[in-house]
Asks: 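Could you have a look at this structure, given as structure tokens, before my questions?
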Number of protein chains: 2
Amino acid sequence: MARESTARQKLVDAALSLVRTKGYAATSVDELCARAGVTKGAFFHHFANKDALAVAAAEHWSEMTGALFRDAPYHRHRDPLDRVLAYLDFRKSLLKGAVPDFTCLVGTMVQEVYATHPDIRAACDASISGHAATLEADIAEAMKLYGVTSFTAASLALHTQAVLQGAFILAKAKGGPRIAAASIDHLRRYIELLFQPKDHKGRTRQ
Amino acid sequence: MARESTARQKLVDAALSLVRTKGYAATSVDELCARAGVTKGAFFHHFANKDALAVAAAEHWSEMTGALFRDAPYHRHRDPLDRVLAYLDFRKSLLKGAVPDFTCLVGTMVQEVYATHPDIRAACDASISGHAATLEADIAEAMKLYGVTSFTAASLALHTQAVLQGAFILAKAKGGPRIAAASIDHLRRYIELLFQPKDHKGRTRQ
DNA sequence: GACGAGATACCGACCGGTTGGTATGTTCGG
DNA sequence: CCGAACATACCAACCGGTCGGTATCTCGTC
């Protein structure tokens with residue numbers, strides 16, 4: 001359990017890439033093996049079935065993105081609102097390259113399997129909700145600091161994830177990240193408006 | 001061309017239901033035929049292949065939703081901003097029942113096929129963009145009326161669609177429409193904040 | 001209004017390839 | 001020599017799609 005075996009890791013990596021391009025159902029086991037450079041025997045040695053790989057891929061995705069955002073520089077801001085806004089800037093900066101490279105594995109998978117594969121759905125939900133929770137802390141702190149009470153931190157955190165997931169769909173429909181970036185801009189403006197001081201009691205930024 | 005043949009119509013209806021629950025790739029032609037109460041011969045008489053049904057389903061979806069929103073009562077408001085806000089209220093009111101019943105066919109399909117089926121992707125894009133365009137008119141009018149210029153009407157219209165699509169993903173991940181509704185609330189608040197008069201020059205609503 | 005020719009709508013057996021999954025090795029470090 | 005980590009060969013079910021055939025309708029001709 002300590003060190004990941006190479007074949008297993010290569011299969012998970014293949015899943016990340018293939019599922020994000022073709023979706024889960026359209027990605028075959030043979031294709032995954034070929035991409036990973038592994039035989040079918042190795043696949044079913046490491047995973048009980050195709051669904052188990054999907055769950056493992058979702059969990060690996062959680063760990064990957066967890067580390068990416070944990071180590072991202074946006075946490076350095078002292079003001080929690082600045083942290084939230086910098087998070088959005090960071091998300092926007094990730095919208096580069098081809099569509100499968102910046103879109104979300106679990107968002108893609110859960111659309112296909114939510115009604116048919118309960119365990120995959122749960123793993124995807126855990127990934128999205130877990131990530132939202134890291135944002136929720138900063139949002140809650142900002143709400144306290146700025147005296148904002150008209151909504152819950154949890155709902156705003158999930159709203160940011162909704163915008164991002166929806167932006168990915170638009171990017172897929174339109175073939176590029178441009179509109180996705182525009183949507184993040186709208187979300188950023190929303191949060192600025194939510195927290196703007198009503199009585200213009202000066203804030204210092206950065 | 002005037003009247004739709006029943007078998008074709010039944011197949012399109014079956015596609016709407018099955019694809020929204022299981023996704024496109026996981027829905028087989030046999031399954032579509034069984035649901036429609038039609039034989040495979042009928043299927044390939046009306047559609048060249050499975051992809052052609054998907055395109056037809058997306059087009060039918062555009063017509064269906066087009067009619068639904070064209071006839072919806074939210075157009076009655078005189079103030080274009082009220083129309084936009086009432087549109088969101090209407091969208092929120094549609095979030096009832098089981099997840100497959102209120103989620104979006106084209107948003108689901110485009111996620112799976114954007115990289116592999118260009119014609120389906122195009123049909124889905126046309127559906128989303130066409131619907132956004134009907135909103136864009138009201139938004140543009142409201143921007144002119146309220147003197148708002150800091151973004152384009154097109155980008156806000158597409159942002160609303162991003163929020164809705166993202167809300168559907170969250171609903172699928174969490175198994176119910178509750179968080180989706182909360183996300184629409186956030187979007188509504190955003191638009192209210194965008195158009196709120198800065199100099200408090202009284203507006204009459206309704 | 002009888003008739004046949006062609007078009008349309010539909011049927012269901014069938015096909016080759018692919019699918020997820022299994023059964024049975026083989027290899028190799030400890 | 002045992003078990004983990006693979007490899008190979010294989011399978012039944014299912015996949016999208018084909019094809020020869022039939023039932024019914026339309027329409028022009030006499």
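Here is how names work: the chains are called A, B, and so on, in the same order as the sequence lines, proteins then strands, and each is numbered from 1. Everything quoted here is computed from the prediction, not taken from an experiment.
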Asks: Centroid-to-centroid, B:F90 to B:H75, below 6.0 Å?
Replies: no

Asks: Do B:Y24 and B:L105 make a side-chain contact, defined as non-hydrogen atoms from C-beta onward lying under 4.5 Å apart?
Replies: no

Asks: For B:L156 and B:L194, what are the C-alpha separation, side-chain angles and deciding distance, and is it a side-chain contact (heavy atoms from CB on, under 4.5 Å)?
Replies: CA-CA 11 Å; B:L156 181 56; B:L194 280 177; 4.0 Å; yes

Asks: Using OP1 and OP2 only, check whether a side-chain N or O of A:H45 sits under 4.0 Å from D:dC6.
Replies: no

Asks: Would B:T27 and B:K50 count as having a side-chain donor-acceptor pair, cut-off 3.5 Å?
Replies: no

Asks: Quickly work out the A:L11 CG to D:dC6 P distance and round it to whole Å.
Replies: 9 Å

Asks: Expressed in angstrom and rounded to an integer, what is the separation of B:H46 atom NE2 from C:dA7 atom C1'?
Replies: 14 Å

Asks: Base, backbone or nothing for each nucleotide of nucleotides 20-30 of chain C, written B, S, -, heavy atoms under 4.0 angstrom, 5' to 3'?
Replies: BBB--------

Asks: Say whether A:Y87 and A:R91, considering side chains only, have a donor N or O and an acceptor N or O under 3.5 Å apart.
Replies: yes

